[in-house]
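Below is one structure, written out as structure tokens; the observations come after it.
Each residue takes its place number in the sequence, starting with 1. Worth knowing before you read on, the calculation uses all heavy atoms, side chains too, and leaves out hydrogens, waters and symmetry mates.
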Amino acid sequence: MIYYMDPTRMTNAINYKKVKALVETAMRTFRTHNKKSYTMTTFQSFRWINVQCPKQALDHGIYCAYYVGCFIEDILCTGETTINVNFSYSPRLKTYPRDKMLRFQTNWAGYMYNRFLKNKLLMK
């Protein structure tokens, strides 16, 4: 199952089709170069789900990936283990407030630093 989440305000069917074609081409290439054999049924088993998530505010200056990350964090904080296409988080927002996005951005940067950089920088 592939979940497609696009927080940009200008989402349209053309972008969705382009992303879908790109991912499916990548999967075909991977499967062609992988030594395992795959049946056509296996390849066609991908189910695409277009999930509606809060849209990016034009005046925030925050990258759309943070919106998707914040949306996934909201889902995980509810205790859900799967993404329901009709996921209803509380409150149902059309966009995230700037302060919430800045908190998420700071927390994510702190996590990445602690997880991947801290020990490497201390070793020098």
Query raised in the report: How far apart are the C-alpha atoms of Phe104 and Tyr67, what are their side-chain angles, what is the distance that settles it, and do they pass the side-chain contact (heavy atoms from CB on, under 4.5 Å) test?
Result: CA-CA 9 Å; Phe104 178 80; Tyr67 278 81; over 6 Å; no
Requested in this report: Without swapping roles, check the side chain of Lys55 against the backbone of Asp6 for a donor-acceptor pair under 3.5 Å.
Outcome: yes
**Report entry** Nearest heavy atoms of Pro54 and Phe71, plus distance in Å
**Finding:** CD-CD1, 3.5 Å
Query raised in the report: So Tyr3 and Val68, side-chain contact (heavy atoms from CB on, under 4.5 Å) or not? Walk me through it.
Result: CA-CA 11 Å; Tyr3 294 100; Val68 172; over 6 Å; no
Query raised in the report: In Å, rounded to the nearest 0.5 Å, how long is the span from NZ of Lys100 to CG of Asp74?
Result: 4.0 Å
Requested in this report: Kindly write out the residues that satisfy side-chain contact (heavy atoms from CB on, under 4.5 Å) with Phe116, not counting sequence neighbours, or none if the list is empty.
Outcome: Met112
Query - Atom pair CG/OH of Leu102 and Tyr66 - distance to nearest 0.5 Å - result: 10.5 Å
Report summary line: One should read off an interatomic distance between Gln105 CD and Arg103 CZ, to the nearest 0.5 angstrom, of 12.5 Å
Query raised in the report: Are Met5 and Leu22 in one and the same hydrophobic cluster, where Ile, Leu, Val, Met, Phe, Trp and Tyr link if side-chain heavy atoms are under 4.5 Å apart?
Result: no
Query - Those residues that, when tested against Lys20, pass salt bridge (charged side-chain N to carboxylate O under 4.0 Å, His left out) (two or more places apart) - result: none
Report summary line: Trp48 meets the side-chain hydrogen bond (donor to acceptor under 3.5 Å, both in side chains) criterion, sequence neighbours left out, with Glu24
